[in-house]
Amino acid sequence: MSSKRHSILPPVSSSGPKPPVHFSSSITIADSALLTGTHPIAIHSESVVHPRAKLDSLAGRITIGRRCIIHERSTLGAVGTSGKITEAAVTLGDYVTVEVGAAIEAGETVIGEGTVVGVGARVGAGAVVGKHCTLTPHSEIAAGEVVPDLTVVYSNGMRRTDKREVAELKNKGIARQIDVLRRMIPSNPAKFA
Amino acid sequence: MAAITPYTYIQCPCSDSSTLGRSSDTNSSRADGADDDDDRTFDPRAPRSNYSLYPLEYLLYCEDCHQIRCPRCVAEEIVTYYCPNCLFEVPSSNLKSEGNRCTRSCFQCPICIGPLAVTSVETKPDPSLLAAPDNTAAPQSGPYALTCSYCNWSSTEVGIKFDKPNGIHAQLSKLRNGGTARLTAKERKERRRDPSYRSSAATEQGDGRSGSDEKLDLETQFANLKSFYQSQLADPNASDGGLAALSDLGFSSPTSLSRIMSIYTGGSLHDKKAKLRVGAIREALEVDEGLQLADLDESAAIAQLHSEGHDGTASTSRLSDQPPNFGEAHLHGRSRFVSELRPIPYLLRTKRSKRCPVCRHIISKPEAKVQTTRFRIRLVAGSYIPSIAIRPLSLSSGSGTSASGSAGIPGALLEPLKPAHYLLTFTNPIFESIKVTLGAPAKTPGRFASKVTVLCPEFEIDANTDVWDEALKDPSGAGELRDRERERERRRHKGEEGGNVSNNNNQLEVGKIWERGRNWVSIVVEVVPAWLRLEHGTEEQRLREDEDLLEIPMFVRVEWEAEAVGDEVGAVVGRDKEAREKRELAYWCVLGLGRIRH
Amino acid sequence: MSLRRPPRGEYIETDTGNKVARKATLVGTQNIMLGGKTVIQPEVMIRGDLVRTIQASSQSGATPNSTAVAIGRYCFLSRGCCLRPPGRLYKGAFTYMPLRMGDHVFVGPGSVVQAASIGSHVHIGAKVVIGEFAIIKDYVRILDGTVVPPNMVIPNFSIVAGQPARLIGEVPEGGHEAFELRDLYKTVGNNPQPAPS
Amino acid sequence: MSAPTGSAPLPHRTVANIRSPPGAGHHQSGPSTPIRHIPSNFGSPSSLRADEEILIIEIGTRKLQVGFSGDPAPRGCVWFCPDQQRRVGDFRDWQTDYRYDWRSAAAGGLWGRDHELWQYDVRGVNLGLVGDKIERALGEAFTKYLLIDSRPRRMVWVLPSALPIPVLSAALDSVFSRFQSPTISLLSSPLALAVGAGVRSALVIDLGWSETVVTSVYEYREVDSKRSIRGGRMLVEHTHKLLAKNLPETQGGPDGKDKYVVSFEECSDITTRMVWCKPRPRSASGQPSSDALATVQEQDEGELEDRPVSRRTGSVTVPIRSWLSPTSLELPFDALAEPCEDAFFESQYSPTSFDDHELPLHLLVYRSLLQLPVDVRALCMSRIIFTGGCSNVLGLRGRIFDEVSHLIQERGWDPVRGKGVDQLRCNPKLRKRDARQAGDGPTGVMSPPGEGEEQDGVWHDAANMIPEIDFIDEQLQRATDRRPRVQGTLRPIESLGAWSGASLVTHLKALAIATIDREGWLQHGAAGASKPSDADYKTQRQSLGPGGLMRGSAAGSAWTLGVWGAT
């Protein structure tokens, strides 16, 4: 069944050019996700892109690692403060979760493996976020900032180090979540090919 | 800061210093102008005003005294104690024995005060994925830890793990940071009785902490001291005499410095038992008696401070969130380093009923059960005194509905020295028509005086009809509403060209009501905002907070005729006592109109 | 971005009195229950497609319904807010759980709600984030920009704010009526009425 | 007052029944109510009925601690801060767009003043405001921490003995008129501290917020107290200096004319977290111990500069958010000890350059010891209690202790008996001389180190000849001759703290210093106080004697507020 019949999905201005995409065969991408831009967008195996997630490669290539989850309304490659075109706009490691409404600006921006970008969080252009970091909702990473591994950003920019050593468990959890999501979200990679 | 939606604050008459039995306070309160008789203007910016002003919804009303009651002047009674996390109703008996915090498994994060969840350490799961609300879905295998699903703090960071996923509070009370065991009060008492344990007990209390191993923790020292003092008393149960030597306290004073002044008459509750047996006790001489030599060598801590740096220390706010830690001795149980922080058991909360302090009638009483939101009694001022809605007259009105705080007038700043008009809509909640008299100073008090003119300071408002048949006759009501809205629209357009709003049917004339409805009347107040310029030479070079805020104090007197209820209290209220039928209510209120550009 | 008033009416008004903006995004409508008289403004997003996959008897009764999001009467979902069911590992497998919402719940613009349950007469400000499996009781006011952490329980009559949310006050006795949303309901739709002063 | 009429529904009645009748406070739990003995059960305030719970309230300049009598520690602590002084229902501190503009709050030299309940200098203090603050703080404490309602409860206040009468009476006014407590008993913190340490005599060094007070307690009497303005506030000011010095120049703007560049909140936070105190520098071995103080200190300063650097290399980063733009500051760890030096010791200046109200702490302590009668001194010096917020500054207590013992070593006490007071009087002159001929040869009092102790030991017996002590002492012999009291040696002891001490006192049913009856106060207030013409040390002494009970109690109530005397 296509969820279109069962959903109210007002058409969105799919303006802009259709970007070249390199999808792994095993990914799940909602048919109402938005992909625009001129540079290639690569999504590796088993990653999930929710409806209304926006990938914008105008400012450069966008790479999404394995088993990433890109939630609805998040924007990758939003042209940030530095409007300049770069080789790689946004690069996500494996097991990265980008939650609802989070925005990752373009410009050599890197998100390390296993990092969670919380709801409504912003990562500035050129920022490099380490592995297994947690950006709690609405936290902001300034452009060009470098966030070391295992950092937790919370309560309006306070920082601490995650000492739980639960990385692999979180990854397992993500894997399980993906198992469910790929059943729920009707995938339509063809639309973007 | 962005302009604010207009608001109204009401000063509860109780904070009129004359009604307080304050003997020596009057002069001082006059000095700061927070004192408010009808004749003197009430200054909203006086430091004391913040303590007497309330939004209407915080005020209650005593039907018998016919008087406003504010949170300050009601007598409260606790109906229910409950834990805000597990919503468990705590019987007051437990409260006595177990204190003011949840003794189950409800904890807050010492770092971010988010809720902590019990998670298994072995299969360290991500709490945000695994933890269930209310810690019920306990992980399978122990040991367990408390983890914060917001900032990812874990009790393992301070070396605390638990064997069981439930009854965390009890387990935690036996654990020190670092995981070393700690004796509970009862165990300690048993040990004290059995001398053979003493040494072991001492060492056990000592370890796991920097500093000398001799240290008593706070609770133990208190216990030792108490038992010591009690043992020193000839007869501990004899209430009179008490701790005789301590009764010297009654006479101690640095007379040597001759700093004596006044004598207070009035009985001491100890008079009767001041039987003096000086020297009945000696000093505590050893640890078991509670004497604790101080260890002043803090070099270890300093080294730690140096190595861990700013991040290793806990902020003052975190420290103030910490519960008293009986387990530590140094710094009187206060911790300094993040590694010393402990999970915070949730403070219990209460449901309270409220009484009129004068006539003792209950004016607010919630149902006892935690889950219900019903009230048995709820006499809120809003249903007795007129509410005041404020909207700028020349601006496009967004009429902020109370439900959505976000909706409001577009934040336009008031222009200095440029007259602006505001529409005050008084709505009468009671079923008699009321006569409203307004008094506002021509100039607002404070460093920057704005001019204020209430165009119609005296008017009547028709009685309220039942709220529900208003709701029922919706179409007509709605129709009326629409008409009024159109009318406003028209006026607004007029208003835009050339600031002032004078037109045919609604003149801006003194003494004339602007608009009148079923149980509401709106009048116009004209303000000329002050120019917020600081004269140089004043010691204050900048605006104080909110000094750009245009607040006008307004004295509201409401009079109405009510069928005589045969109780004195009602008649006494108000200034004139002769008319029993007549009711009067008078109070200051503060209208916040907006911010002045500067 | 959206026109002020599209010709055929900005809202779809159902027979139960719901007013659903045409520019709202409702995924998996068959799993979204609207109690009636509920307003859904433009650019609101509701993830009805994230249904529970494990019918656990322990959680919320064993009724095997596929409701993902249940909304009561007179709720008001402001522009740009997002409702989605919370998900977690349960007995080793991942599942979503339904999001239930009572009556007279106001959700401010741009807020994201992933609570397990929200009571009645709840005011959620603008740009609020409500973490997964939070439980919010009745007559609760959540100030703008608050981040309610996952699993937090907010009892009746609480006023919370901050990141993460903490209790900063209690709703006074006189403040109950302010949660009433009937009037607000009237002010939106294809032929809105002005709010009474 | 009219009893509840039938109009009220039943449930309300039931509640009404458990309520004490109107104004019951005064009548039912009157002065003569005996306090039931409380079973020693730590977790619990007491297993008593509400009207028998006694609240212990310690009121300080910056915070207020509340709890129940019999508890080892207070249940809650409320800090005085600006957002607590806002109108009810004003939640601006929590609005996302709101940033507390500390600059406008600090305008007019009010930096941090809104974090204080009162100032000891009552001129310009808004007494009504003090009352309001206490009332609100208490209200918060009751609702949030004690979970008690407004039923009448007796209170015991623990107060600094320097609290001016006007402030005190303002506080009493507000509490008596807003809370129904039938009586409020007053207890001075030094005494409470002594009790909390298990001693009868002590030298209480209160490193407080607005000032540092050294109080000598002898046999539960405050016999002397000296104060210096060097307290927490000064420390924070110096921390601010340090930060300001290390922050780049603020570029013009309105901030140019601001005295402060960092918010008080942040400064005090940093102070609590990071500021520490260097140990007393060892004087070089060759240094003759009798050298003039000034020189020694200068020498040490020299050492201070270089020695620690070798020991504590490396620096700490301190985030600063309230500056023009949020930044983080790199500070050498040693720099964080400077505020402490400047605020409390200022060793670089000669002792003579200080006024009496701003003595460095070690001098302050030494002087207070010096001017005590020898036997009192002997007892006090071996029962030194550090308390107050600044006692949490790492290393400070040890530093003061070392400095003092060094001073004693250098100067000892005046060997000639009875001249103690003269010694004090001529001391400044003496030291002036030292300062002048600093460095050249021994001056002042020559006394080999350690001698002081023995002397004290000797003199203590001599103390029996001092008439006032007579009575007490013979009493003491009975109780204590089994074991000799430690005396003559400097010895720091740990007290539970004033609050806990008061909790003990009350729990053990000892006398408070003053007990004020609600009705009495509301009628007369401070005005009702009669002149203490008759009350003098004599009556106090006699009241201790057998049969002096009534007089004693009279004196008791008479003397009580004496401690809080002010002009």
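So that the names make sense, note that chain A is the first sequence line, chain B the second, and so on, each numbered from 1.
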Minimum heavy-atom separation for [X] and [Y], please, with both atom names.
{"X": "B:A314", "Y": "D:R273", "value": "O-CG, 3.5 Å"}
{"X": "B:Y51", "Y": "D:Q85", "value": "OH-CG, 3.1 Å"}
{"X": "B:H310", "Y": "D:T317", "value": "CB-O, 3.4 Å"}
{"X": "B:L348", "Y": "D:L147", "value": "O-CD2, 3.4 Å"}
{"X": "D:R397", "Y": "B:D295", "value": "NH2-O, 3.8 Å"}
{"X": "B:P324", "Y": "D:A73", "value": "CB-CB, 4.0 Å"}

Distance in Å, [X] [atom1] paired with [Y] [atom2], rounded so as to fall on 0.5 Å steps:
{"X": "D:R87", "Y": "B:S52", "atom1": "CZ", "atom2": "OG", "answer": "8.5 Å"}
{"X": "D:S500", "Y": "B:L225", "atom1": "OG", "atom2": "CG", "answer": "9.5 Å"}
{"X": "D:L394", "Y": "B:Q304", "atom1": "CG", "atom2": "CD", "answer": "9.0 Å"}
{"X": "B:L218", "Y": "D:E494", "atom1": "CG", "atom2": "CD", "answer": "10.0 Å"}
{"X": "B:R72", "Y": "D:E135", "atom1": "CZ", "atom2": "CD", "answer": "4.0 Å"}
{"X": "D:D90", "Y": "B:D546", "atom1": "CG", "atom2": "CG", "answer": "7.5 Å"}

Heavy-atom pairs under 4.5 Å with chain B are the metric here; pick the option from D:V316, D:D269, D:V217 that has the most.
-> D:D269
Has [X] got a side-chain atom pairing as donor or acceptor with [Y]'s backbone, closer than 3.5 angstrom?
{"X": "B:R336", "Y": "D:T272", "value": "yes"}
{"X": "D:S150", "Y": "B:E76", "value": "yes"}
{"X": "B:Y229", "Y": "D:V195", "value": "yes"}

Per-residue contact mode, [X] against chain B (heavy atom under 4.5 angstrom):
{"X": "D:R86", "answer": "both"}
{"X": "D:A197", "answer": "backbone"}
{"X": "D:T143", "answer": "both"}
{"X": "D:I148", "answer": "backbone"}

Could you walk me through whether B:K226 and D:L504 pass the side chain to side chain contact (heavy atoms under 4.5 Å, CB included) test, one step at a time?
-> CA-CA 7 Å; B:K226 186 155 75 175; D:L504 267 175; 3.8 Å; yes
Residue selection (most heavy-atom pairs with chain D, distance under 4.5 Å) from B:V74, B:D311, B:L305 | B:L305
Hey, are the side chains of [X] and [Y] touching, using non-hydrogen atoms and a 4.5 Å cut-off?
{"X": "D:V88", "Y": "B:L53", "value": "no"}
{"X": "B:C73", "Y": "D:R178", "value": "yes"}
{"X": "D:D132", "Y": "B:R48", "value": "yes"}

Residues that D:C77 engages under side chain to side chain contact (heavy atoms under 4.5 Å, CB included), provided they are two or more places apart = D:K63, D:Q65, D:W79
